[in-house]
Amino acid sequence: MKKLLFLLLILPLSACFDADLAFVVHNDETATMSAHMKMGPELYGMIASSGEDPCKDGVGTQNADGSFNCLVTETDTIDNLIAKIEEESKNAAENSGIDPNQGVTIERMAGPFVKLSFDLAEMKRTAAESGMDPAMMGAFQQTLQGHGIHMTIKGKEIVETNGTLSQDRTTAEIRIPLAALLQPDSSLPDVFQTIVRTE
């Protein structure tokens with residue numbers, strides 16, 4: 001899951017993909033992180049040709065049209081997930097390596113609450129530094145239409161979010177069109193954050 005989140009941050013927008021990312025907080029102090037990513041034939045071919053397994057930590061399926069689906073799920077206690085993120089981030093900093101949790105933060109708050117944050121500014125920065133010729137930008141944005149990233153956070157009660165809140169207050173979500181990463185979009189926040197009641 002964390003590797004797939006990091007992949008989204010560093011992908012050059014040279015091919016289309018769609019991703020559904022979900023974080024579900026259960027009533028027993030555990031949480032499930034899941035990611036379902038569909039890569040277009042060009043992106044899958046680029047990753048496969050490098051010798052990397054595009055779905056090392058999950059279940060991958062190649063489709064007849066050359067596209068590729070990857071489903072990754074992980075369930076653990078909230079405290080264990082927090083500890084893993086902190087440990088891996090510390091190791092990456094000490095060894096000047098890649099942090100697989102870049103952009104993902106889980107933290108306890110006073111009372112039975114957990115705050116989840118996803119750094120979208122890093123995605124926008126990576127896209128802005130892609131170096132694409134402005135003359136090609138318009139045509140390329142057309143190919144990205146209809147593709148994007150969908151993030152959802154679910155729990156007993158969402159007490160605060162800057163995403164879209166469901167009527168029953170159990171789900172917060174945000175949709176990020178790929179085209180919005182290539183141009184200034186004031187409707188897209190720098191951070192998608194949500195506070196969830198755990199009990």
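If you take CD1 on I149 and CG on L21, they are separated by 7.0 Å, rounding to the nearest 0.5 Å. From N27, atom CG reaches atom NZ of K156 across 6.0 Å, with rounding to the nearest 0.5 Å. Of the inter-residue distances, the one linking T32 atom OG1 with K154 atom NZ reads 11.0 Å to the nearest 0.5 angstrom. Interatomic distance, CG of L120 versus CD of Q193, reported as 10.0 Å (0.5 Å rounding). Within the model, atoms CG of D76 and CG of L81 stand 5.0 Å from one another, a figure rounded to the nearest 0.5 Å. One finds the CD1 atom of I106 at 4.0 Å from the CZ atom of F23 (value rounded to the nearest 0.5 Å).
Note on I82 and V24: separate hydrophobic clusters, where clusters join Ile, Leu, Val, Met, Phe, Trp and Tyr whose side-chain heavy atoms are under 4.5 Å apart, directly or indirectly. If you chain together hydrophobic residues whose side chains sit under 4.5 Å apart, V114 and L165 fall into the same group.
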Going by atom type alone, with no hydrogens or angles, which donor-acceptor pairs under 3.5 Å involve a side-chain atom of residues 169-178 and a protein atom two or more places apart or on another chain?
| residue | atom | partner | partner atom | Å |
| --- | --- | --- | --- | --- |
| R169 | NH2 | I158 | O | 3.2 |
| T170 | OG1 | D168 | OD1 | 2.8 |
| T170 | OG1 | D168 | OD2 | 3.1 |
| E173 | OE1 | H150 | NE2 | 2.6 |

For F118 and I153, what are the C-alpha separation, side-chain angles and deciding distance, and is it a side-chain contact (heavy atoms from CB on, under 4.5 Å)?
-> CA-CA 11 Å; F118 296 89; I153 297 174; 3.8 Å; yes
Do D79 and R108 pass the side-chain contact (heavy atoms from CB on, under 4.5 Å) test, and can you show the C-alpha distance, the side-chain angles, and the key distance before you say yes or no?
-> CA-CA 9 Å; D79 288 336; R108 291 278 192 183; 3.0 Å; yes
Derivation and outcome, side-chain contact (heavy atoms from CB on, under 4.5 Å), residues E74 and K84 = CA-CA 12 Å; E74 178 182 359; K84 287 179 183 178; 3.3 Å; yes
Would you please test H36 and L71 for side-chain contact (heavy atoms from CB on, under 4.5 Å) and show each step?
-> CA-CA 4 Å; H36 179 212; L71 177 62; 4.0 Å; yes
Show the numbers, then the answer: is there a side-chain hydrogen bond (donor to acceptor under 3.5 Å, both in side chains) between T194 and T161?
-> CA-CA 4 Å; T194 299; T161 183; 2.9 Å; yes
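Taking 4.5 Å as the limit, every side-chain heavy atom of F68 sits out of range of all side-chain heavy atoms of M37. At a threshold of 4.5 Å between non-hydrogen side-chain atoms, the residues V25 and I78 count as touching.
At most 12 heavy atoms of other shown residues, nucleotides or ligands fall within 6.0 angstrom of atom CD in E160.
Of all heavy-atom pairs spanning C55 and D53, the tightest one is N-OD1, 2.9 Å.
Think of V159 as one node in a network of Ile, Leu, Val, Met, Phe, Trp and Tyr side chains linked at under 4.5 Å; its network also takes in M109, F113, I195.
Remark: N63 pairs with K38, T61, D65, S67, N69 by the side-chain contact (heavy atoms from CB on, under 4.5 Å) rule, at least two apart or across chains.
Proximity of a side-chain donor or acceptor of T73 to a complementary backbone N or O of S34 within less than 3.5 Å is not detected. A donor-acceptor contact shorter than 3.5 Å links the side chain of N162 to the backbone of V191. One N or O on the side chain of D18 and one on the backbone of G148 form a donor-acceptor pair closer than 3.5 Å.
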